[in-house]
Amino acid sequence: MTDRLWQALLDTVLMVGISAGIAVLAGIPLAVFLVTSGPGGIFPAPRLNRIVGMVVNGFRAVPFIVLLVALIPLTRLIAGTTIGIWAAIVPLSVSATPFFARIAEVSLREVDPGLVEAAQSIGCRRWHIIRHVLLPQALPGIIGGFTITVVSMIGASAMAGAGGLGDVAIRYGYQRFDTVVMLVVVVILIALVSAVQISGDLAVRRLRAR
């Protein structure tokens, strides 16, 4: 059972790690678009901004377990299967991306508008403003939001039961009425979440201290 738990932990880290990477790669550009294309933004596109915002809100409103089922055709198309850790990565990524994008958007909106105006006054291009003003200033908040996202993804991965610690808890704990296995999985999940939260908080403090 120890070997099985160790493999389940590695599977969970793999699932969450890849899904989190996809959420960052897709979520930050999405957040930047939502901020810069809104009213008063540096790339104003109000109509497209509203459409994208509605899509993001729509995905955020769907519970993960419902999204897991609804995305079965897409999961089969991308992963070639609907079971296992690789299949779980698809709904995890789709669920986490809009969640993280909205958190990153809040951090970007908190950047002092005076800094953007100052950059514009000295002739900075709009892409330079995003790269050298908005993103660096919002980075501590983005890291904090990413930490929250990863923590929620750990819980979602356990809920999916497609492999990893959630699968062990359901198959060997719940279905076989083995309380010890359930407790061990819970302890491992708490330790994993705590490690992620502490690491994220430390990174945020270091960035804000600069």
Are side-chain heavy atoms of [X] and [Y] found at a separation under 4.5 Å?
X    : Y    : value
L135 : I142 : yes
P46  : R50  : yes
Q137 : D112 : no
R102 : N57  : yes
R208 : R205 : no
R125 : I129 : no
I130 : R126 : no
L92  : S157 : yes

Is there a path of hydrophobic side-chain contacts, each under 4.5 Å between heavy atoms of I, L, V, M, F, W or Y residues, that connects [X] with [Y]?
X   : Y    : result
F64 : V66  : yes
L9  : V184 : yes
V94 : I148 : no

Practice item. Taking all non-hydrogen atoms of both residues into account, name the closest pair between M153 and A96 and its distance. Key: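 Nearest heavy atoms, M153 then A96: SD-CB, 3.6 Å.
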Check your understanding: Taking all non-hydrogen atoms of both residues, which atom of T97 and which atom of G27 are closest, and how far apart?
Key ->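 Closest heavy-atom pair between T97 and G27: CG2-N, 3.9 Å.
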Check your understanding: Got a donor-acceptor contact below 3.5 angstrom from the S95 side chain to the P91 backbone?
Key -> no
Review point. Is there a donor-acceptor pair closer than 3.5 Å between any side-chain N or O of S19 and the backbone N or O of V16?
Key: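 Flag not set: sc S19 to bb V16 has no pair under 3.5 Å.
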Exercise for review: Carefully, step by step, assess I89 and I22 under the rule side-chain contact (heavy atoms from CB on, under 4.5 Å).
Suggested key: CA-CA 9 Å; I89 288 173; I22 295 173; 4.2 Å; yes
Point to revise | Atom CZ of F43 with >12 non-hydrogen neighbours under 6.0 angstrom | key: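 Atom CZ in F43 is packed in, count exceeds 12.
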Practice item. Specify whether F146 and F100 have parallel, tilted or perpendicular ring planes, treating 30° as the upper limit for parallel and 60° as the lower limit for perpendicular. Key: perpendicular
